[in-house]
Amino acid sequence: MQTTLPLASVKKLGEFVDQDVRLRGWLYGGRSSGKIAFLMIRDGTGVVQGVLAKSDVEDEEMFQAARKIPQESSIIVAGKVRQDDRAPGGYELLLSHVETYSEAGEYPITPKEHGQSFLMDHRHLWLRSRLPHAILSIRSSVEFALRSFFDREGFTLVDAPIFTPNACEGTSTLFQTDYFDKQAYLTQSGQLYMEAAAAAFGNVYCFGPTFRAEKSKTRRHLTEFWMLEPEMAWADIDDVMQLAENMIASVIGTVLERNAADLATLERDPAKLEAIRPPFPRITYAEALEVLAKQGKTLAWGDDFGGEDETIIANSFAKPVFVHRWPREAKAFYMAPDPEDDRLVLGVDLIAPEGYGEIIGGGQRADSLTYLEEQIAAHDLPPEAFEWYMDLRRFGSVPHAGFGIGLERFVGWICGTHHVREVIPFPRTMNRLSP
RNA sequence: UCCUCGGUAGCUCAGCUGGUAGAGCAAGCGGCUGUUAACCGCUGGGUCGUAGGUUCGAGUCCUACCCGGGGAGCCA
């Protein structure tokens, strides 16, 4: 074949209309009749229909061979790009040459329906299919948009460690591992490290995998998930809410701009995302209890919300909703006390619309050394594990605040997926460690 | 850990009050010049999750266990 032909990609076919090009990819599927064959060719950037007419190819042998190429074989083709409304995507390739680089065995994922479990067992192959491809493309945009947003806002990326020496919020949900002659744990959160970094750089964030050994089997849980955690020095709970809503609006704007085709593949209505503009509603924990009571769901003061409660609250608003000022017992030891009500701490959660639940948790951190010492004792935590953390209050303590956003819940909401395992390339859940 | 639903061909499933295994798709062969999860014909394909039990006879009923889906608690 003529290797001098320009190499095209499916995404850029529009630049080669009426030209002969080469394309390298995989056979996604196809149909054929006696004298014409349609090959769906996938190259990673998209899928294009190749049309192979018996009269157009170099010899009949190539036509007969091309009809029988097994699904997902890697192929190199040549042909003329043509605009045609009959083709999905608007362009098709009038093939003159089809060459198999590596013939595939019997491919397990067929065009018919499969169960979740079967597909996840073949996740390494399932990634090639349209829906996972669209979802993971959006995930890539979200990560890009998050980093861009924080970079524009003047935040410094400071990577937090994955191995941590001590159980900071109880051991039951931590993965334990041997670390030479000691025990180590996989990180649950980079927050305490970000508090240290904020005193060095001002505004910082970390972004990486975190681990929870919770035996949770729900559509919102993974044992390994990605979390982005910004932390700001000289900041309070209101700064947290403002940063969070600007971040979410910015990311959604990027996805709407870059991934319109992916959202269409997922049949996700962009109008629901276009409506997500700041400011988001802000209600206190006490007000949230009233919202629930009006819907006939009465909770005692101090109770945390279940998944169903979060959905009721979310459905009462058109946008994501902040719930702030929580009972001290419901939140972690490092939360700053509310100066106006000592039963409360300055924590804030953001509940996503449409039942996607809590996607952000954060708040203002306690900056008083004596208050923190009391809280560590009250929570029965080993004080020696927090010596370095207490140093942050001994050497120039400032009001500071931050939050963590769960990437998979965020992407799941944007994509409208049923389960968070669909939005991470290789999910880790209680019952799945491979592929 | 608890509650709940499920495990039958490569896949998705049907299989009635117990009577000896089915469909569609996939695969293989053949046909068809505009297909969109193409269509038409033919062919091959099974330790019914595992181990016991009841019965003349178990995919079907009983017991235990294993595996998976969904949910609760906890969380992002």
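Residue numbering restarts at 1 for every chain, and letters A, B, ... go by the order of the sequence lines.
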Check the interface with nucleotides 2-6 of chain B: list each N/O to N/O pair with the protein under 3.5 Å, or write none.
none

Atom pairs under 3.5 Å, N or O on each side, protein against nucleotides 27-32 of chain B: can you list them with distances?
residue, atom, partner, partner atom, Å
C32(B), N3, Ser32(A), O, 3.3
C32(B), N4, Ser32(A), O, 3.4
C32(B), N4, Arg67(A), NH2, 2.9

Do any N or O atoms of the protein come closer than 3.5 Å to N or O atoms of nucleotides 42-49 of chain B, and which pairs are they?
none

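Nucleotides of RNA chain B nearest to Arg212(A) and Met430(A) differ in position, and the one nearer the 5' end is that of Met430(A).
When the P atom is compared between C5(B) and A64(B), the two are found 15 Å apart, to the nearest whole Å. Taking the P atom of each, C25(B) and G41(B) are spaced 9 Å apart, rounded to whole Å. Using atom P as the reference point in both A23(B) and C42(B), the two lie 12 Å apart (nearest Å). Here, G22(B) and U43(B) have their P atoms 15 Å apart, quoted to the whole Å. When the P atom is used for both A51(B) and C67(B), the distance is 16 Å, rounded to whole Å.
Among the heavy atoms of the strands lying under 4.0 Å from Leu222(A) is at least one base atom, whether or not backbone atoms are also near. At the heavy-atom level, His419(A) lies under 4.0 Å from the strands shown only through sugar-phosphate atoms.
When the nucleotides G34(B), A76(B), C75(B) are ranked by their closest atom to the side chain of Glu358(A), A76(B) comes out on top. Here the side chain of Arg82(A) is nearest to one of G71(B), G34(B), C75(B), namely G34(B). With U12(B), G71(B), U33(B) as the choices, the nucleotide that has an atom nearest any side-chain atom of Ile36(A) turns out to be U33(B).
Residue pairs satisfying the salt bridge (Lys or Arg N to Asp or Glu O under 4.0 Å) criterion with at least one member in residues 134-148 of chain A, sequence neighbours excluded, are listed as follows: Arg139(A)-Glu143(A), Arg139(A)-Glu408(A). A salt bridge (Lys or Arg N to Asp or Glu O under 4.0 Å) check over residues 23-33 of chain A, counting only residues at least two apart or in different chains, returns nothing.
In this entry A14(B) has no Watson-Crick or G-U wobble partner, no candidate having both defining distances under 3.5 Å.
Judged by the 6.0 Å and 45° rule, Arg258(A) forms a cation-pi pair with Phe144(A).
Taking Phe155(A) as the reference, Phe150(A) meet the ring pair (Phe, Tyr, Trp, His ring centres under 6.0 Å) condition, with sequence neighbours excluded.
In this model, no side-chain donor or acceptor of His114(A) finds a partner on the base of C11(B) within 3.5 Å. Residue side chain Gln116(A) does not reach the base of G70(B) through any donor-acceptor N/O pair under 3.5 Å, judged by distance alone.
Under 4.0 Å is where a charged nitrogen must lie from a carboxylate oxygen, and between Asp304(A) and Lys331(A) no such pair does. A salt bridge between Arg409(A) and Glu310(A) is absent, with no side-chain N of the basic residue lying under 4.0 Å from a carboxylate O of the acidic one. Using a 4.0 Å cut-off between a side-chain N of Lys or Arg and a carboxylate O of Asp or Glu, Arg325(A) and Glu287(A) do not qualify as a salt bridge. Classification of Glu245(A) and Lys319(A) as a salt-bridged pair fails, no side-chain N sitting under 4.0 Å from a carboxylate O.
You'll find the ring centres of Trp226(A) and Phe410(A) outside the 6.0 Å limit.
For Leu119(A) and G69(B), the CG to P distance is 12 Å, given to the nearest whole Å.
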